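Please read the structure below before turning to the comments.
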Amino acid sequence: MTLVSVWEDRHPHPPAAPAELSGSWDVVVVGGGITGLTTALLLARAGRSVAVLEARHVGAGTTGRSTAKVSALQGTRLSRISRRHPERVVEQYVRANVEGGAWLARFCDDHGVDRQVRAAYTFGFGSRGAAAARKESLIATRAGLPVTWVDRPDLPFETQGAVRLDDQFQVDPLELVDALAAQARAHGVTIIEGVRVRRVNGTGPVRLVTDVGAATAGTVVVATNTPILDRGAFFARVSPARSYSLAFRTSHPAVDGMYLSADSPSRSLRDAPADDGSLLLIGGAGHTTGRTRSPAARLDELRAWTAEYFPDAVETHAWSAQDYVPHHALPYAGPLLPGHEEILVAGGFSKWGFTNGVAAALALSGRILGGQMEWAEAFRTWGAHELRGSVDSARMNAEVGFEMTRGWLRPLARPGLGVAPAEGDGTVRLDHLGAPTAVARTAGVERRVSAVCSHLGGIVRWNDAERSWDCPLHGSRFGADGEVLDGPATCGLGRA
Ligand SMILES: Cc1cc2nc3c(=O)[nH]c(=O)nc-3n(C[C@H](O)[C@H](O)[C@H](O)COP(=O)(O)OP(=O)(O)OC[C@H]3O[C@@H](n4cnc5c(N)ncnc54)[C@H](O)[C@@H]3O)c2cc1C
Ligand code: FES
């Protein structure tokens, strides 16, 4: 069972028909989320022949499970960047996000995608949060954002004030994705769904290998959120961050803006128009993918919090999603390897991909077409600013090493496949040959697959909310039957 987001429920996409693949294009984009589709559309508008290869269907990744606030005020993101980078880089980041948001607003207005203009807020529950919000306010002002301070934001719980940025907006992300895909097709882009790219190699042309054939391209843009290619080791530069969302029916909008707390517990709030009133979206309870005992308990934590402050809200949907947080705090858009322009990557949006994904698309399409944005320097994939995350990077990769060891040791305490797990449960055990085996029971069927992640050999853990196997190393996820749900893995779990 996969939890379904409110957007997926509103815009069901039938499973993509099995495709056969062959052909050659100027540019092949891998991944049909906001980043890939925007890149494809920009390049097609400039006259390039473009194909998008998408493993499931457009919007099936993080984009279709997002909260979809489009804002240049992003919690305390600017403070995080300014701790590691000079003021000039913070300004470039802000300019990129303002430009990404403006492009998206124009696209929505030109193509009939409903968007609701709202103020964005970063608020503090307590004095620490308020201090963090005040600091963010200061840095945002220095970087050119017209923020103001609000002592009493209109929320049904006590806060210590909030920084506010007017005239931001929110969307239904799958309405947006469908419009981007339609426009891309109208400009001649070939979108092929149901095709998972397994390998990308060669230069001039680059060859993309999938289960159903191969394609070639002058340039490949890997827009799979976390790159599916290990060259460049981007998987070791980001942490996969999973978090939870709930939608509730309310008679009228329960909040007047897009809110995010600066302190713990992290809480995100927004409304969404609905046919029979309004929806309240609550998000939070995040953690590194595969490193919590019970994701279902995280959803319950959010439910209990909402019941306290919005007692009349009736739950309609619950889901989770993941994004990738770079150790040096900046997103990236550029060559996979230094000096090689034929394979480009984008990602590391730290849960702010609606502005950053569009900015990355503008930067990459500009790069391919020979133009340049001055702010794109902040998104460089290779440069001195990478080093400014090296302390965090060392710590995060030490944690990855710890999880690798722990994952392999834990099943030693559970030899033998033993009693079958209860419905909805899963466990990792050693089989009679001593191989870690992932055993789960879903929809009344017991399934056994190898517990060894097909990416780099981490041991997967059961996710009791999404009923999936999640890798605690770099965030690959697999269904109970072992099929890939999220990368960097490109192959499923092996047979038990
Ligand atoms: C809980 C949550 C809330 C968020 N809220 C916000 C918000 O309010 N505002 C905001 O700006 N951002 C938000 N974000 C972040 C934002 O949603 C993401 O950064 C953004 O959607 C990433 O888009 P993308 O196109 O880069 O990746 P994705 O949308 O993940 O698209 C990547 C695509 O690549 C495909 N793919 C993967 N591997 C392969 C392969 N091997 N072959 C072919 N295709 C492949 C996937 O199926 C997927 O469709 C949120 C994130 C989370 C987790
Ligand atoms: S995601 Fe890298 S080892 Fe599993």
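The structure displayed is predicted, hence computed values, not measured ones. All ligand and atom numbering here is 1-based and tracks the order in the structure.
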Heavy atoms only, cut-off 4.0 Å: how does Gln322 contact ligand 1, side chain, backbone, both, or neither?
backbone
Can you tell me the protein heavy atom closest to atom 1 (S) of ligand 2 and the distance?
Ser476 OG, 3.2 Å
Under 4.0 Å, counting heavy atoms only: does Gly457 come that close to any atom of ligand 2?
yes
Can you see which heavy atom on Ala72 is nearest to which on Gln168, and at what distance?
N-OE1, 3.0 Å
Hey, which of Arg196, Arg198, Arg199 is the one that makes salt bridge (charged side-chain N to carboxylate O under 4.0 Å, His left out) with Asp211?
Arg198
Considering heavy atoms of the protein only, find what lies nearest to atom 3 (S) of ligand 2 and give residue, atom and distance to 0.1 Å.
Leu456 N, 3.2 Å
Check: of Gly59, Ala223, Gly36, Gly61, min heavy-atom distance to atom 32 (C) of ligand 1 comes from Ala223
Proximal atoms of ligand 1 relative to Ile228 (non-hydrogen, under 4.0 Å):
38 (N), 41 (N)
Please classify the Phe354 to ligand 1 contact at 4.0 Å (heavy-atom distances, strictly less than): side chain, backbone, both or neither.
both
Within-shell test, Gly283 vs ligand 1, heavy atom, strictly < 4.0 Å
no
The atom of His474 among N, O or S that is nearest atom 2 (Fe) of ligand 2 is ND1
Is atom 4 (Fe) of ligand 2 less than 2.8 Å from at least one N/O/S atom of His455?
no
For ligand 1, which atoms sit closer than 4.0 Å to a heavy atom of Thr67?
3 (C), 4 (C), 5 (N), 6 (C), 8 (O)
